Protein chains: 2
Amino acid sequence: MDRKNRSNCPISYALDLIGDKWSLLILRDIILRDKHFYKDFISSDEAIATNILSNRLKMLEYDGFISKTRDTIDRKRFIYNPTEKGLDLLPVLIATMRWSDKYSTEIKQRPPSIEMIRNDPIGFENRIRAKFSNTPTLLDRHH
Amino acid sequence: MDRKNRSNCPISYALDLIGDKWSLLILRDIILRDKHFYKDFISSDEAIATNILSNRLKMLEYDGFISKTRDTIDRKRFIYNPTEKGLDLLPVLIATMRWSDKYSTEIKQRPPSIEMIRNDPIGFENRIRAKFSNTPTLLDRHH
DNA sequence: CTCTCTAGCTTGTTTTTTGCAAGTAACCAA
DNA sequence: TTGGTTACTTGCAAAAAACAAGCTAGAGAG
């Protein structure tokens, strides 16, 4: 479970943690799409394999990007949430979306969040952050 | 040389293009470290393999992130430069560096750019952009 | 105690990355 | 013009990672 750390560079530091094909998509699901359960991630369009998802959730928890707690209402399942460290990747997600908004001419239908980011990126970020501000308890009311 | 495009999402769109271990580091070298030649990328601390570097340079050129032109002064080599599309990833690079600045407690010595970003991120971005604003000619005077 | 639902794990296969060695093309110097 | 140097480029075998599909385990529900 150890991370490698290819160099002292801040870019490579982040890439060594979340620079694979899937980690950032899972964080996107948790942070921007209000997904909090294993089955939610499975159902995303990108079709991640179950073993990869399981591994990435473990990694992301181990590295402190997300927390994993058993759902008190339906104790069969676990709730995945961003930590502050994970939520602090929001500017990276937003910057990436703005770039894609400009250059992905192929993509037909853009998510509504793209509109919001285009009009008011700071307000968008604040609203997302506000969603998670009342610490761990907020998720219990989701289901 | 075809890109896959796992879904319609703007995050996955960008990841499908530059979401591997190396592409963003090459762009970092070109955009933030004034590296423009093959041997410069080879000499970076992360130690990329020659075949991967060659492949990624091809991909980045094919996807329009960088341009490759023969050096008019030393015609043995090629000059790699960011396109506007590549340079527009600067906010992603900066957001990533700011995140690492906050969370990479292990990293001992930070690059001076981190200080500049911390003090004045917008000014930093503008100065980097200005460096590349006089289109292709600017690189000829580098060597 | 069995059934179902959620969340994984296992296994076998394919793809990608890696490390290294060899190859090629432009230029330079004798 | 020939031999060396620089700047890449290509090829190959081994290792690592991703993938697909089927299997399992644990927590309730009936």
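The model shown is predicted, which means the values in this text are computed figures rather than measured ones. Each chain gets a letter, A, B and so on, in the order the sequences are listed, and its residues count up from 1.
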Tell me the interatomic distance from [X], atom [atom1], to [N], atom [atom2], rounded to whole angstroms.
X: B:Asn51; N: C:dT18; atom1: CG; atom2: P; value: 9 Å
X: B:Ile48; N: C:dG19; atom1: CD1; atom2: P; value: 11 Å
X: B:Ile42; N: C:dG19; atom1: CD1; atom2: P; value: 12 Å
X: B:Asn55; N: C:dT17; atom1: CG; atom2: C1'; value: 10 Å
X: A:Asp40; N: C:dG8; atom1: CG; atom2: P; value: 12 Å
X: A:Lys39; N: C:dG8; atom1: NZ; atom2: P; value: 12 Å
X: A:Asp71; N: C:dA7; atom1: CG; atom2: P; value: 9 Å
X: B:Ile73; N: C:dA26; atom1: CD1; atom2: P; value: 19 Å

Any B:Trp22 side-chain nitrogen or oxygen under 4.0 Å from OP1 or OP2 of C:dT17: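 Answer no for this pair, as no side-chain N or O of B:Trp22 is under 4.0 Å from OP1 or OP2.
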Side-chain N or O of B:Lys21 closer than 4.0 Å to phosphate OP1/OP2 of C:dT18: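 It does, given that an N or O in the side chain of B:Lys21 lies less than 4.0 Å from OP1 or OP2 of C:dT18.
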Closest-nucleotide ordering on DNA chain D, the 5'-leading residue of A:Ala47 and B:Ile52: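 Per heavy-atom nearest nucleotide, the more 5' residue is B:Ile52.
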salt_bridge([X], [Y]) N-O dist < 4.0 Å:
X: B:Arg6; Y: A:Asp45; result: no
X: B:Asp71; Y: B:Lys76; result: no
X: B:Lys58; Y: B:Asp63; result: no
X: A:Arg33; Y: A:Asp40; result: no
X: A:Arg129; Y: A:Glu84; result: no
X: B:Glu61; Y: B:Arg56; result: no

B:Thr50, nearest nucleotide to its side chain (from C:dT17, C:dT18, C:dA21):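 Selected nucleotide: C:dA21.
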Nucleotide of C:dT6, C:dT18, C:dG8 approaching A:Leu57 most closely (side-chain heavy atoms):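 Given the options C:dT6, C:dT18, C:dG8, the side chain of A:Leu57 is closest to C:dG8.
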Leading and trailing nucleotides of DNA chain D with any atom under 4.0 Å from heavy atoms of chain B: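 The footprint of chain B covers D:dT6 to D:dC12.
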Sugar-phosphate, base or nothing in reach of A:Lys76, heavy atoms under 4.0 Å: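 Base contact.
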A:Thr83 side-chain N/O to A:Gly64 backbone N/O, donor-acceptor pair under 3.5 Å: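 Yes; judged by distance alone, with no hydrogens or angles, the pair exists.
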